[in-house]
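This report concerns only the one structure given below.
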Amino acid sequence: MLERLNQRFDIILILSPPIGNSHLARRLSPMVDANILVARAEHTRAPVAARMRDSILASGGDIVGLVLTGRHFHIPQVIYRWL
């Protein structure tokens, strides 16, 4: 099915559940051109993200990047400019 879709479209984006919880995600990981990890700032712990990364690489997938969402800025923007 992915081959047929690839013939019709330039880009195919597949959103899957976290790889640790899903057999489907482990199966899809090596079939796609690239994987992008998505982590929630202040919620996703480093060991969980590392296990997710290791699972993707162990299943034969490649990782091209990380998206960090939901970051809260606790320090006022003015102070960030000074740093």
Query raised in the report: Can you tell me how far CD1 of Ile63 sits from CD1 of Ile56, rounded to the nearest 0.5 angstrom?
Result: 4.5 Å
Query raised in the report: Side chains of Val38 and Thr44: does their closest heavy-atom pair fall under 4.5 Å?
Result: no
Report summary line: Rounded to the nearest 0.5 Å, the NE2 atom of His72 sits from the CD atom of Glu42 at a distance of 5.0 Å
Requested in this report: Give the minimum heavy-atom separation between Asn35 and Gly61, together with the two atoms involved.
Outcome: ND2-CA, 3.9 Å
Report summary line: So OG of Ser29 and CG of Asp62: to nearest 0.5 Å the spacing works out to 8.0 Å
Query raised in the report: Looking at residues at least two apart in the chain, or sitting in another chain, which of them share a side chain to side chain contact (heavy atoms under 4.5 Å, CB included) with Pro47?
Result: Arg45, Arg51
Report summary line: Distance col, row Asp33:CG vs Ile11:CD1, nearest 0.5 angstrom, shows 10.5 Å
Query raised in the report: If two hydrophobic side chains count as joined below 4.5 Å and joins carry through other members, does Leu37 share a cluster with Leu68?
Result: no
Query raised in the report: What residues form a side chain to side chain contact (heavy atoms under 4.5 Å, CB included) with Ile14, not counting sequence neighbours?
Result: Leu2, Ile12, Leu28, Val32
Query raised in the report: Do the non-hydrogen side-chain atoms of Ile36 and Val67 ever get within less than 4.5 Å of each other?
Result: yes
**Report entry** Taking every non-hydrogen atom, the tightest pair across Ala39 and Leu66
**Finding:** CB-CD1, 4.1 Å
Report summary line: Rounding to 0.5 Å, atoms CD (Gln77) and CD1 (Ile79) come to a distance of 10.0 Å
